[in-house]
Amino acid sequence: MTDSRFNVRFDAGQADCRWQKAWEEVRCFEADSTSDKPKSYVLEMFPYPSGRIHIGHVRNYTMGDVLARYKAMRGHEVLHPMGWDAFGMPAENAAMEKGVHPAGWTYDNIATMKGQLKQLGFALDWSREFATCDPEYYGHEQALFLDLYEAGLVYRRTSAVNWDPVDQTVLANEQVVDGRGWRSGALVEKRNLNQWFLKITHFAQDLLDGLGDLEGWPEKVRLMQENWIGKSTGLQFAFDLSNGEKLDVYTTRPDTIFGASFVAVAADHPLAQGVADGNAEAQAFIEKCREGGTTAAELETAEKLGFDTGITAKHPFSGADLPVYIANFVLMDYGTGAIMAVPGHDQRDFDFATKYGLPITRVIAANADEADAPLTEAEAGDGVCVNSDFLNGVSVADAKAEVIKRIEAAGSGEGKTVWRLRDWGVSRQRYWGTPIPFVHCGACGVVPVPKDQLPVKLPEDVDFSTPGNPLLRHPTWKHVDCPKCGGKAERETDTLDTFVNSSWYFLRFASQPADKPFDAAEVAQWMPVEQYIGGIEHAILHLLYARFWTRALAHCGLVDVQEPFASLFTQGMVTHETYSRKDGARETYFTPAEVDRSSDGAVLKADGEAVDIGKVIKMSKSKKNVVDPEDIIADYGADAVRWFMLSDSPPERDLPWSEAGIEGCGRFVQRLWRLFGQIGAGGAGADANQDVALERRLHQTIAAMAEDFEALAFNKAVARIYELTSAIEKAEYSASRSEAIRKLQLLVAPMMPHLAEEAWAINTHGQFGLIAEAAWPDVDEAMLVEDEVTIAVQHKGKLRDTLTVAKGLPKEELEALALSSEKVQRSIDGAEVRKVIVVPDRLVNIVT
RNA sequence: GCGGGCGUGGCGGAAUUGGUAGACGCCGGGGACUUAAAAUCCCCUGAUCCACGGAUCGUGCGGGUUCGAGUCCCGCCGCCCGCACCA
């Protein structure tokens with residue numbers, strides 16, 4: 001009989017709290033490393049504690065949560081942890097702007113955001129929570145950094161960085177907008193600073209090869225990483241110059257060597273510098289090159305410019321004298337900073353040659369007969385060599401090998417592989433980061449801090465009243481005794497890039513002993529992460545760094561995995577239309593809460609006048625098209641919000657937020673609630689009845705949803721729940737119906753855990769524990785097979801009729817049935833039946 | 001320029017990988033219940049025509065393969081994302 005508690009509306013506010021507390025009390029989401037169940041490590045990218053949770057977090061963590069809960073129901077021991085990527089610039093900016101301490105600001109934000117996450121009822125193991133700014137965490141990170149140093153994977157060298165002269169700090173490339181500091185607006189300078197580097201290039205080949213095995217990763221991300229690593233193979237060789245010196249160039253097209261008509265070097269190349277000494281014209285040209293803009297648009301439209309040095313280079317085979325130019329399109333930091341230019345087969349060289357009247361020779365053609373075909377643009381395609389002396393008629397591939405062989409034999413060069421990937425500069429001249437655990441001693445040089453002196457803690461009394469690195473001007477912090485000789489020494493004042501923090505946090509989640517970063521054996525229990533979920537914006541940097549760091553630790557013998565993330569899923573953004581008014585040139589935006597939206601427009605609540613409805617774009621504070629998760633949880637409850645996050649849009653695509661949509665979700669929560677109250681409805685009489693069709697539907701749904709969850713196709717799982725719900729509602733009371741409702745509670749449990757717990761508790765009278773710890777329902781395979789099927793009957797490929805017949809009906813019978821259909825006969829209209837195609841259990845197509 | 005992805009109703013999207021296009025949700029319309037409202041329930045909802053039985057068209061556009069194409073092939077168009085003077 002219906003429990004009276006189902007007669008009132010489901011009170012999400014109360015139920016959410018009750019069950020969140022219940023889960024916490026029995027610690028049902030704490031992962032046990034010693035469990036002998038199969039292990040599942042489900043991880044979402046941990047958040048930066050910016051202040052408040054935004055809707056993107058909600059979507060990200062809801063997906064991971066459904067998967068984690070589902071895996072647990074399937075009998076897995078699940079590790080689903082949460083922590084904080086807590087170092088970084090915003091904390092220092094807040095310190096400068098509001099006078100708060102970065103630590104206080106960060107931990108306050110963490111407290112707020114943790115509370116918000118808890119309101120969503122995520123099945124997280126909070127016992128493993130940490131923030132990367134905890135001295136304990138960054139102390140272990142310092143230890144790992146020293147291990148990498150020992151292994152030769154850390155070094156220091158001078159390198160050019162983006163220096164903001166106003167803020168007195170280094171900026172990352174993405175913090176430089178149109179050549180100016182994003183915060184100060186000052187023109188960014190290139191400065192040479194002594195910087196710490198990690199040897200990621202040591203693993204370049206390995207990182208590239210590893211991508212091939214990452215079948216659980218989106219092809220797109222693998223490609224992006226491949227491009228980023230940027231392997232190219234070619235030849236590096238030296239030209240003899242007319243001034244008696246040699247010039248190394250690098251080319252990937254040694255096969256086109258006979259087409260070389262000039263040589264070009266970068267403006268920063270030593271040869272260019274040498275020419276500029278005592279040559280004002282050359283000096284001016286180099287200056288001009290440096291001024292050139294750095295933005296994409298400027299580069300695209302930049303004209304090819306060159307300066308003839310007057311020097312010539314001797315072609316290694318033909319002996320011809322090639323002019324040597326300083327050219328603005330040659331990059332100093334790729335290859336050798338100097339190229340042999342082949343205008344016939346490289347568009348940049350072609351443009352340059354055209355401008356300066358240099359020879360353009362075809363040396364590759366589709367076949368030998370087309371050796372003299374004119375070139376109107378550079379041809380980069382395959383073919384055979386022409387106009388190329390000993391290479392004539394040789395294929396591109398063979399010619400490459402042949403030229404490399406001859407150059408190597410002559411001792412003037414060698415085949416070489418060049419990478420786009422650079423070593424990772426990890427120095428930041430900032431306070432709020434992991435101190436690099438080294439000291440500089442006048443006598444001993446750079447000395448690592450002994451591990452027993454870790455962590456090197458950040459000083460707490462810091463001054464943010466002036467720009468620059470507070471560690472550098474701290475009165476006492478940096479003055480220490482040298483660990484080696486005991487003499488006076490200074491601490492390293494650079495801190496580590498925050499990407500280092502996120503390069504190993506998943507290991508610390510898996511295992512957190514006090515005395516070391518992690519325990520290898522325990523890590524082996526969990527790693528690799530079975531499913532990693534996060535934004536596409538981390539496709540390269542974070543994911544590449546984490547792959548590198550894991551390899552580096554394996555290289556040091558600290559872990560036994562190479563690839564940290566077996567599967568990667570990149571979720572789409574949450575979007576919303578914008579509301580604005582144009583006031584002259586200025587556009588004023590309004591939040592959805594300030595606007596009344598109806599099907600025929602939007603008006604501002606304040607004055608009742610219309611506002612413009614703009615494009616549906618990513619939620620952002622500047623466009624004010626945001627909703628606050630806390631508000632919507634308060635209005636609709638956690639389960640309705642979670643349900644919305646999973647509905648409609650495939651998880652990898654953008655999800656448009658809508659008021660109507662969340663209202664629909666809220667209605668559905670209530671609808672399920674009413675249905676959950678109907679177990680046993682109809683009484684004992686109805687209970688004697690069976691409803692095979694409904695049972696079949698139930699088992700099909702269970703099986704299909706399992707597939708959907710495994711594939712993270714939550715939108716499909718949601719649709720199946722709607723379908724099953726409708727089917728149950730329409731069904732006559734029966735034992736089958738009651739059973740279907742019982743199972744429905746389990747099916748929605750991963751997605752709407754609070755509602756499911758509440759109904760489950762009432763319906764089971766608390767006798768079967770928590771639904772969070774219940775098992776996913778079994779599928780009765782026999783029930784998946786339909787005994788009746790609907791057959792489409794087509795005439796000339798168009799649907800004319802459908803037939804409902806017993807499954808497995810022989811072809812002949814199907815054909816006869818189809819032909820006897822009145823609708824089909826009418827369509828055939830006496831024409832001769834020439835052919836009948838019969839696909840058993842599917843369709844009959846009649847051809848006339 | 002290079003690389004990748006996508007194009008299906010008013011909207012978000014389904015479609016067993018060549019076999020009934022538009023599941024499911026949202027919006028919209030009509031109705032029931034109610035003094036009224038909320039809540040709830042039922043029906044309709046791709047377009048055009050219609051004798052109300054149905055017919056024709058329809059998955060960005062143009063071709064093709066096939067008994068049959070949203071799905072495969074060729075050629076276009078449009079949008080989105082990433083990288084970008086990488087030799």
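Numbered from 1 within each chain, the chains take letters A, B, ... in sequence-line order.
OP1 or OP2 of C67(B) has at least one side-chain nitrogen or oxygen of Lys835(A) nearer than 4.0 Å. Not one side-chain nitrogen or oxygen of Arg420(A) sits closer than 4.0 Å to the OP1 or OP2 atom of C83(B). When the side-chain nitrogen and oxygen atoms of Lys798(A) are compared with OP1 and OP2 of A55(B), none of them lie within a distance under 4.0 Å. Taking only side-chain nitrogens and oxygens, Arg667(A) comes nearer than 4.0 Å to OP1 or OP2 of C26(B). At the phosphate of A55(B), OP1 or OP2 sits under 4.0 Å from a side-chain N or O atom of Arg800(A). Applying the 4.0 Å criterion to OP1 and OP2 of G25(B), one finds that Tyr722(A) has every side-chain N and O outside that range.
Spacing of C1' atoms, A15(B) relative to C83(B), comes out at 35 Å, to the nearest Å. Using C1' as the reference atom, U17(B) and C27(B) are 32 Å apart when rounded to the nearest Å. Going from the C1' atom of A21(B) to that of C76(B) covers 25 Å, rounded to whole Å. Separating the P atom of G64(B) from that of C52(B) is a span of 39 Å, rounded to the nearest Å. Taking atom C1' on both G7(B) and U71(B), the two are 14 Å apart, rounded to the nearest angstrom. For the C1' atom pair drawn from A23(B) and C73(B), the interatomic distance equals 29 Å after rounding to whole Å. Atom name C1', nucleotides G12(B) and G22(B): the rounded distance is 13 Å, in whole Å. Separation of the C1' atoms belonging to U66(B) and G13(B) is 29 Å when rounded to the nearest angstrom.
For G13(B), the base adopts the anti conformation, since its glycosidic angle falls more than 90 degrees from zero.
Under the 6.0 Å cut-off for aromatic ring centres, Tyr722(A) and Phe668(A) qualify, their centroids lying closer than that. Ring pair Phe350(A)/Phe352(A): centre-to-centre distance not below 6.0 Å. Centroid-to-centroid, the aromatic rings of Trp217(A) and Phe569(A) stay 6.0 Å apart or farther. Taking the six-membered ring wherever Trp is involved, the centroid distance between the rings of Tyr325(A) and Tyr356(A) falls below 6.0 Å. Taking the ring centroids of His315(A) and Phe258(A), they lie under the 6.0 Å cut-off.
Side-chain atoms of Arg653(A) lie closest to G13(B) of the nucleotides A87(B), G13(B), G3(B). Of the candidates A14(B), C85(B), U20(B), U20(B) carries the atom nearest the Thr802(A) side chain, counting heavy atoms from C-beta on. Taking only side-chain atoms of Ile339(A), from C-beta outward, the nucleotide of G3(B), A87(B), A39(B) with the closest atom is A87(B).
Look at CD on Gln236(A): it is 14 Å from C1' on C86(B), rounded to the nearest Å. The separation between Leu655(A) atom CG and G25(B) atom C1' is 12 Å, rounded to whole Å. In this entry the distance linking CD of Glu652(A) with C1' of A14(B) reads 13 Å, nearest Å. C27(B) atom C1' lies 13 Å from atom CD1 of Ile613(A), rounded to whole Å.
In the displayed structure, Glu729(A) atom CD is contacted under 6.0 Å by more than 12 heavy atoms of other residues, nucleotides or ligands.
Judged by closest nucleotide on RNA chain B, Leu223(A) is the one of Ile846(A) and Leu223(A) placed further toward the 5' end. Where Met224(A) and Glu723(A) each meet RNA chain B at their nearest nucleotide, the meeting point lying more 5' is that of Glu723(A).
The stretch residues 710-721 of chain A comes close to RNA chain B through Asn715(A), Lys716(A), Ala719(A), each having a heavy atom under 4.0 Å from the strand.
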### Message
Could you write out RNA chain B as dot-bracket? Rules: Watson-Crick or G-U wobble, both distances under 3.5 Å, brackets [ ] for crossings, | for pairs with another strand, dot for unpaired.
### Response
(((((((..(((......[....))).(((((.......))))).((((....))))..(((((..]....))))))))))))....
